[in-house]
K.L.:
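Structure below; questions to follow.
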Amino acid sequence: TDFAKPVGVLFIVFGAGAPPHKLAAYTTQVIASARRARLTNPQLPVGLVYDSLTRRQLTPAALLGSVFTDLRTVQFSQTSSLGSPWLKRLQALALSPYDLTLELDASATVCSPLLHPLLLKEHAADAADLAVNFEASALLPSGSQKFGPPPGAVEDLLPHNFALLMRKGPRLDALLQMLRHDVLRVGDDQWALRATLRRLARSGYLVCRHWRHASQWTVGPPLASTAHKRRSEDGAWGGLAAALWRRPECIVVRVRRLTENILGLKAADKLASFKAGITRKITIWPIYSRPVDGQVLALHSYDPPGGNATSMCALLNARSPSRRLLLQPARRSRYLMPATQAECNSTFHNSRPPKLAYATRICSWLPARPSRTSTSGGADELVIAGWERRNGTYLDSDAGTHLGRFDSNGVEATRLTESLDDFWQWLVHQTPTTSSGRRAGTPHSHAAARR
């Protein structure tokens, strides 16, 4: 299917099952986030999917044009209404008017005008059906109460679902069908998506239409089964798997990682305390992000003491394109954006174990000296298929529209997605894992060939 708008940002708000005061907070957040997205990216389509209960709170029609470019109303099925809120979200996602959708939580803040051109570049590349970032993993070899033991594969990490990049098509349909099954089974959205990715990883992300029910998808044979014994060094499948791969009813679901340029904060650990029959969740500082290169495009929810979205985004991108990370050393302390190990370590000079051990690990991810990650000889330039750059703005030669002007600082270093293999290699070298070798991975060369 051809879509009039190839890319867009989508917000979802539904009142079904939400207390009135929370619905009011959600709608306030989503309006502020959508305004920010339009302010920083004037030509970027921004859509909203909402239900009938939200209409009374939001009056969406009055916001069409000024805040949202596209509105869709969802009528939840009986299963979605009675089940996990994630079932409602999955049903709402199917109504996205964009071929490539970046779905954001209501609390996300768009920080850079590079978001629109990078979405267009990602759309032209056609490399992913789903991209998602991942939660923290254990910072110490002993493991973590919240995040468990060190991971043995990318799919052991919990996905961080505040941002999802999805491309419409049969591959996404197959993944979402499996995800819906796992949501019904386990309830929690992060645990459900992790279960889905683990199932897909066992087959090299190969899925096939059910032999009897064409609308249903099943996972292909496991990589470790006899069907894959003749797998060659270049990743080609042998035996039954090769025969399945050649069949038109079998496809490879392409999953990539949203980079830290769509930035989500992480905690060193989270503990559960039981007292007087009440469970309390205790966050262990520091709060941090993984390293980011280039411009931060969007940020998940945060609580800046005395700050606001503009000042927070300015902090995030002031030192672009240098490699850096976002850091909050202690509760209620100000956010920092160190770019060197020494700068990072200096904020913890009075810390005691285990915070010092956490800090040492996090700070080791930074270079010893400030470094510009851009490798271009001159000004950074973003190449987008179908667009040309003139005097700092991107023009669509066919439609005559433009994306607007923006600071090119960090353009070349800014990426929206990366392969799961690349992310796993970084984890192996920078964090405790139970594997030092290359992950089994997805056969990306085959995935590209089957587009």
Side-chain angles (χ1 to χ4, degrees), residues 7 9 100-105 108 112 114-115 118-119 121-123 125-139 147 150-167 171-172 175-176 178-179 189-202 204-205 252-266 288-300 323-326 365 373 413-433 435 437-445 447-448:
V7 303
V9 168
L100 183 70
T101 301
L102 178 64
E103 191 257 338
L104 295 174
D105 276 2
S112 170
L114 284 181
L115 180 59
L118 282 169
L119 282 171
K121 183 177 182 181
E122 193 72 29
H123 181 265
D126 190 11
D129 305 301
L130 172 75
V132 63
N133 205 339
F134 292 88
E135 273 279 14
S137 60
L139 293 173
F147 309 115
V154 173
E155 294 81 9
D156 291 339
L157 275 66
L158 285 172
H160 202 176
N161 297 338
F162 79 93
L164 296 172
L165 185 70
M166 298 161 295
R167 189 182 189 102
R171 297 180 181 91
L172 180 66
L175 187 149
L176 294 182
M178 296 175 187
L179 177 55
D189 64 298
Q190 290 181 289
W191 286 71
L193 183 52
R194 181 171 68 176
T196 300
L197 296 181
R198 280 174 165 173
R199 284 201 289 154
L200 288 169
R202 286 195 288 270
Y205 286 77
V252 174
V253 179
R254 303 166 302 174
V255 178
R256 291 171 66 85
R257 177 201 173 228
L258 277 177
T259 65
E260 220 66 21
N261 299 88
I262 304 291
L263 194 146
L265 294 169
K266 299 161 182 65
Y288 68 94
S289 74
R290 297 187 182 100
V292 58
D293 298 324
Q295 294 196 20
V296 173
L297 304 172
L299 171 68
H300 193 211
R323 175 162 295 184
R324 60 213 187 275
L325 55 80
L326 184 60
W365 300 339
T373 55
T414 308
R415 294 182 300 160
L416 194 57
T417 70
E418 67 175 353
S419 72
L420 297 185
D421 284 336
D422 288 344
F423 178 50
W424 178 245
Q425 287 302 307
W426 183 87
L427 283 173
V428 167
H429 289 97
Q430 302 293 342
T431 66
T433 63
S435 172
R438 188 178 185 275
R439 66 186 289 273
T442 60
H444 294 292
S445 59

K.L.:
Evaluate salt bridge (charged side-chain N to carboxylate O under 4.0 Å, His left out) for Glu155 paired with Arg198, printing each intermediate quantity in order.
P.N.:
CA-CA 6 Å; Glu155 294 81 9; Arg198 280 174 165 173; over 6 Å; no
K.L.:
Looking at side-chain heavy atoms only, is the closest gap between Asp126 and Arg254 below 4.5 Å?
P.N.:
yes
K.L.:
Check whether any side-chain heavy atom of Asn261 sits under 4.5 Å from a side-chain heavy atom of Val296, and report yes or no.
P.N.:
no
K.L.:
What's the shortest heavy-atom distance between Pro151 and Pro432, and which atoms?
P.N.:
CD-O, 3.5 Å
K.L.:
Can you see which heavy atom on Leu102 is nearest to which on Ala163, and at what distance?
P.N.:
CD1-CB, 4.5 Å
K.L.:
Parallel under 30°, tilted from 30 to 60°, perpendicular over 60°: which one fits the rings of Trp426 and Phe423?
P.N.:
parallel
K.L.:
As an exercise, state the distance from CD of Glu260 to CG of Leu299, rounded to the nearest 0.5 Å.
P.N.:
10.5 Å
K.L.:
Could you tell me which non-hydrogen atom of Ser137 sits nearest to which non-hydrogen atom of Leu427, and how far apart they are?
P.N.:
OG-CD2, 4.2 Å
K.L.:
Nearest 0.5 Å, please: how far is CD in Glu122 from CZ in Arg415?
P.N.:
10.5 Å
K.L.:
Would Arg257 and Asp422 pass as an ion pair if we require N to O under 4.0 Å?
P.N.:
no
K.L.:
Give a yes or no on whether a salt bridge exists between Asp129 and Arg167, defined as a side-chain N under 4.0 angstrom from a carboxylate O.
P.N.:
no
K.L.:
Leu157 versus Glu135: any side-chain heavy-atom pair under 4.5 Å?
P.N.:
no
K.L.:
For the pair Leu420 and Leu197, evaluate side chain to side chain contact (heavy atoms under 4.5 Å, CB included) and give the outcome as yes or no after the intermediate values.
P.N.:
CA-CA 11 Å; Leu420 297 185; Leu197 296 181; over 6 Å; no
K.L.:
Which heavy atom of Leu172 sits nearest to which heavy atom of Met166, and what is that distance?
P.N.:
CD2-CB, 3.7 Å
K.L.:
Can you tell me if Arg171 uses its side chain to pair, donor with acceptor, with the backbone of Val252 under 3.5 Å?
P.N.:
yes
K.L.:
Once rounded to the nearest 0.5 Å, what's the spacing between atom CG of Leu115 and atom CD1 of Ile262?
P.N.:
5.5 Å
K.L.:
Thinking salt bridges, do Asp156 and Arg194 make one under a 4.0 Å N-O criterion?
P.N.:
no
K.L.:
Show your reasoning for whether side chain to side chain contact (heavy atoms under 4.5 Å, CB included) applies to Lys121 and Leu416.
P.N.:
CA-CA 9 Å; Lys121 183 177 182 181; Leu416 194 57; over 6 Å; no
K.L.:
As an exercise, state the distance from CG of Leu326 to OH of Tyr288, rounded to the nearest 0.5 Å.
P.N.:
12.0 Å
K.L.:
Under a 4.5 Å cut-off applied to non-hydrogen side-chain atoms, are His160 and Val132 in contact?
P.N.:
no
K.L.:
For the residue pair Phe147 and Leu139, establish whether any side-chain heavy-atom pair is separated by less than 4.5 Å.
P.N.:
no
K.L.:
Look at the side chain of Trp365 and the backbone N and O of Arg290, then say whether any donor-acceptor pair between them is shorter than 3.5 Å.
P.N.:
no
K.L.:
Testing the basics here: between Arg256 and Ala127, what is the closest heavy-atom pair and its distance to 0.1 Å?
P.N.:
CD-O, 3.6 Å
K.L.:
NZ of Lys266 to CG of Asn133: how many Å apart, nearest 0.5 Å?
P.N.:
5.0 Å
K.L.:
How close do Val7 and Leu119 get, counting heavy atoms only, and between which atoms?
P.N.:
CG1-O, 3.5 Å
K.L.:
So His300 and Phe162, would you call those rings parallel, tilted or perpendicular, with 30° and 60° as cut-offs?
P.N.:
parallel
K.L.:
If you measure from CG on Leu193 to CG on Asp189, what distance do you get to the nearest 0.5 Å?
P.N.:
8.0 Å
